[in-house]
S.K.: 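Provided herewith is a single structure, encoded as structure tokens, for subsequent inquiry.
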Protein chains: 2
Amino acid sequence: MNYSRLRAFHAVAQHGSYTRAAQAVNISQPTLSDHVKALETDYGVKLFKPKGRGVELTALGARLLEKSRSLMAQEAAIDRMLREAGDLATGHLTVGADAPHNIIPLLSAFSRHYPGIEVALKTGNTAQIQRDLLEGRVDVAVRSEAGYSERLVSEVLQRADLIAFVSVDDPWARKNSVELSDLVGRRLIVRERDSATRTVFEQFVYSAGLTFSDMMEIGSREAVKEAVAAGFGVGIIADTELGQDERLKSIAIRGSEMEILEYIVCLRERRSEKVINALFEQLDNWPGRVI
Amino acid sequence: MNYSRLRAFHAVAQHGSYTRAAQAVNISQPTLSDHVKALETDYGVKLFKPKGRGVELTALGARLLEKSRSLMAQEAAIDRMLREAGDLATGHLTVGADAPHNIIPLLSAFSRHYPGIEVALKTGNTAQIQRDLLEGRVDVAVRSEAGYSERLVSEVLQRADLIAFVSVDDPWARKNSVELSDLVGRRLIVRERDSATRTVFEQFVYSAGLTFSDMMEIGSREAVKEAVAAGFGVGIIADTELGQDERLKSIAIRGSEMEILEYIVCLRERRSEKVINALFEQLDNWPGRVI
DNA sequence: CAAGGTTACGCCGCGCGTAACTATA
DNA sequence: TATAGTTACGCGCGGCGTAACCTTG
């Protein structure tokens, strides 16, 4: 008796369709098909029969579903018990982040608070992090958009505004703020497409009906700062990310609030795990949290 | 929740020791240790505590054992249901044999009787077959000795006697029987050591206090026959294996009944599986069976 | 032709064993 | 010193996804 196979059967039986089950449990449909077939040939039984262009349970399949329900319930009970029993004296927490910047102080505090928990931080682009999260390779993720999926829950980690910044040698170095439209004449230094900063910025630019002809695209936050410091043009960045750099001067952008949000996200079904819950609690009590 | 890990915990908890559990479930002890540790660190809990030079359950471990017992019972119930539901209209049966000779007619009849069952025959030496059987790569095995292990059950497939045989041109070709001691002066053609035939033969020779100086060892049944047909000497073989060969004459060996048994063996816990049971029933009703 | 299921195939990680190491009586 | 458990490490199979194919309304 192989549990992967039984789980596959269970999912298909409960959803009444391979396709829907595959979506629901986030496993490819051919895999489910394989597993169910393996179950059937191993025991020499028939669990589903074709119906229309879908499938339906055989009598035996229906009996099996009853039993598998009860088994899954048992499993859930065990899982719940163990999760509730965890004392946070030991364990591990793996965080995935596309931009590790804002999460680090939180993790450092968390780690001090729960010294027995091994904390790991995994970086990657947003898509990688998303997959890692769905497939359990990370416990929580830090991302710039809230969860798309029904399967995810999130809380705001940080709220920031996009600002412009220039070199202290720049003619604008004396300004404290500009209009979005003022940027049109300048060369802009921005992050690559599909970075959170860039996405938000372009969205605002678009809704303001503006276009910029002279944009320089640079692949990392640090490199953007260096380029601006070297006088290449006006940088765009989240205010929290600018840091203290003597060579740079920040400039607010009036009128449009270019808000950029960062979320901490986890799978809904794992939200209640002791370690994950502890992290969210840490966040709720976070003095440095700007909302 | 990972079932391998839970099973590992269950085994260790029930047997009260990693070592004993490892023997009982036929999994190496480090593997069990790994799995239990993974369970513990994943949930941040402690399930066993050291005691003397063994381990004992923690309070949480004891609670988990209760639940895991119930889950294992559920599993067994599902397994039983599916096994009993099998209708032998489809499925598969893999047989391992060191000497495929005697099993083939049985399998052929079985296959005719249950055309939906895919029958496969896997050959190999006795040790390989033994491992395949214990690790589930074959459903049943055909072997010359009954199961050593408590975990195996067996039935006699065939009972045969060792006989001598010579070329029809041999001076002995007119004899119908000889004494074991008569063989001393002749060159004997035998199978390799650790073949069933050889093992039984040597055992009888030893207990009769005889020694043979002129033995020719040949690596296959067919090659032995060819060598004897070519006049190299006197062959030793199971009577059922001689077949019809115009060039050969069989000669009984008087006095000592050199009996050689072949068993069909399976894991005790799988004896009741529909397909396996059907094979044993086929054997019980086997007209060609010589006992 | 579109929606759903199956077959074919290749990759990767988990589960496993072996061997070396550590600890306890 | 012997027995029980842990750590280290490498291998192979099973679980998985992608892509192509088949089937039914």
Side-chain angles (χ1 to χ4, degrees), chain A residues 1-42 46-58 61 90 94 118 122 127-128 130-132 134-138, chain B residues 1-13 15-42 46-58 61 90 92 94 118 122 127-128 130-132 134-138:
Chain A
M1 250 287 304
N2 178 316
Y3 282 98
S4 316
R5 292 172 182 178
L6 188 63
R7 295 177 80 106
F9 161 81
H10 187 77
V12 176
Q14 280 215 310
H15 292 89
S17 142
Y18 282 88
T19 308
R20 283 201 300 280
Q23 290 163 351
V25 299
N26 207 36
I27 281 184
S28 84
Q29 186 258 28
T31 299
L32 291 183
S33 180
D34 261 11
H35 280 188
V36 171
K37 188 162 294 293
L39 211 52
E40 291 183 329
T41 66
D42 268 16
K46 207 87 184 72
L47 297 171
F48 293 101
K49 55 189 175 214
K51 168 166 194 197
R53 46 181 168 191
V55 289
E56 88 182 322
L57 283 168
T58 61
T90 132
T94 303
E118 245 177 75
K122 198 176 165 187
Q128 283 170 346
Q130 172 86 351
R131 296 196 53 186
D132 286 347
L134 290 176
E135 292 162 20
R137 283 186 295 272
V138 304
Chain B
M1 250 290 304
N2 178 316
Y3 283 98
S4 315
R5 293 171 182 178
L6 188 63
R7 295 179 80 106
F9 162 80
H10 188 77
V12 176
H15 292 89
S17 140
Y18 282 87
T19 307
R20 281 201 301 279
Q23 290 163 350
V25 299
N26 209 35
I27 282 184
S28 84
Q29 185 259 28
T31 298
L32 292 182
S33 179
D34 262 11
H35 281 188
V36 171
K37 186 162 296 292
L39 210 54
E40 290 183 328
T41 66
D42 269 16
K46 209 87 186 70
L47 298 171
F48 293 101
K49 56 189 175 216
K51 167 165 195 201
R53 48 181 166 192
V55 290
E56 89 182 323
L57 283 168
T58 61
T90 130
H92 37 66
T94 303
E118 244 176 75
K122 196 175 166 188
Q128 282 170 348
Q130 172 86 355
R131 296 195 52 184
D132 286 348
L134 290 177
E135 292 162 20
R137 282 186 296 272
V138 304

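Note on naming: letters A, B, ... go to the chains in the order of the sequence lines (proteins, then strands), and numbering restarts at 1 for each one.
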S.K.: By nearest heavy atom, map A:Arg53 and B:Asn2 onto DNA chain C; which one lands nearer the 5' end?
M.R.: A:Arg53

S.K.: Mind calculating the distance between CD (A:Gln23) and C1' (C:dA3) to the nearest angstrom?
M.R.: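 A:Gln23 atom CD is separated from C:dA3 atom C1' by 12 Å.
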
S.K.: Rounded to the nearest angstrom, tell me the gap between atom NZ in B:Lys49 and atom P in C:dA23.
M.R.: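 Rounding to the nearest Å, NZ of B:Lys49 and P of C:dA23 are 21 Å apart.
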
S.K.: What is the distance, rounded to the nearest whole Å, between atom CG of B:Asp34 and atom P of D:dG5?
M.R.: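 Roughly 14 Å, once rounded to whole Å.
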
S.K.: Would you kindly give the CG-to-P distance between A:Asp132 and C:dG13, to the nearest whole Å?
M.R.: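 Answer to the nearest Å: 11 Å.
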
S.K.: Taking only the side-chain nitrogens and oxygens of A:His35, find out if one of them lies under 4.0 Å from OP1 or OP2 of D:dC16.
M.R.: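 It does, given that an N or O in the side chain of A:His35 lies less than 4.0 Å from OP1 or OP2 of D:dC16.
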
S.K.: Would you check if B:Thr19 and B:Gln23 make a side-chain contact, meaning some heavy-atom pair closer than 4.5 Å?
M.R.: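 Contact flag for B:Thr19/B:Gln23 side chains = yes.
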
S.K.: Taking atom P of C:dG15 as reference, at what distance in whole Å does atom CG of B:Leu32 sit?
M.R.: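 Those two atoms, CG and P, are 13 Å apart.
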
S.K.: So which heavy atom on B:Ala22 is nearest to which on B:Ser28, and how close?
M.R.: CB-C, 4.1 Å

S.K.: C:dG4, OP1 or OP2 - any side-chain N/O from A:Thr19 closer than 4.0 Å?
M.R.: no

S.K.: Which nucleotide sits closest to the side chain of B:Lys37: C:dT18, D:dT6, C:dG15?
M.R.: D:dT6

S.K.: Give one of base, sugar-phosphate or nothing for B:Ser4, where a contact means two heavy atoms less than 4.0 Å apart.
M.R.: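 If one applies the 4.0 Å heavy-atom cut-off, B:Ser4 turns out to touch the sugar-phosphate alone, with no base involved.
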
S.K.: Taking the minimum atom-to-atom distance to the side chain of A:Pro30, which one of D:dA19, C:dA19, C:dG5 wins?
M.R.: D:dA19

S.K.: Taking atom CD as the centre, does B:Glu118 end up with more than 12 heavy-atom neighbours from other residues, nucleotides or ligands that are less than 6.0 angstrom away?
M.R.: no

S.K.: If you pin A:Arg5 and A:Gly52 to their nearest nucleotides in DNA chain D, which one's is more 5'?
M.R.: A:Arg5

S.K.: Just to confirm, is there a sub-4.0 Å distance from OP1 or OP2 of C:dG17 to any side-chain nitrogen or oxygen of B:Thr31?
M.R.: yes

S.K.: With no hydrogens and no angle check, is any side-chain donor or acceptor of A:Glu40 less than 3.5 Å from a backbone partner on A:Phe48?
M.R.: yes

S.K.: Within less than 4.0 Å of OP1 or OP2 of D:dG5, is there a side-chain N or O belonging to B:Ser33?
M.R.: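 So the side chain of B:Ser33 is outside the cut-off, no N or O lying under 4.0 Å from OP1 or OP2 of D:dG5.
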
S.K.: Whole-Å distance between D:dT18 C1' and A:Ile27 CD1?
M.R.: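 Between C1' of D:dT18 and CD1 of A:Ile27: 15 Å.
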
S.K.: May I ask you to say what A:Pro50 touches in the nucleic acid, namely base, sugar-phosphate or nothing, with a heavy-atom cut-off under 4.0 Å?
M.R.: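 Here A:Pro50 touches no strand at all.
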
S.K.: Would you kindly give the CD-to-P distance between A:Glu56 and C:dG4, to the nearest whole Å?
M.R.: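 Rounded to the whole Å, the gap is 16 Å.
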
S.K.: B:Gln29 has an atom CD; how far is it from atom P of C:dG15, in whole Å?
M.R.: 18 Å

S.K.: Assuming nearest nucleotide by heavy-atom distance, tell me which of B:Gly16 and A:Lys51 is located more 5' along DNA chain D.
M.R.: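 Between the two, 5'-proximity favours B:Gly16.
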
S.K.: Any chance you could lay out the side chain to side chain contact (heavy atoms under 4.5 Å, CB included) test for A:Ile27 and A:His35, step after step, and finish with the verdict?
M.R.: CA-CA 11 Å; A:Ile27 281 184; A:His35 280 188; over 6 Å; no

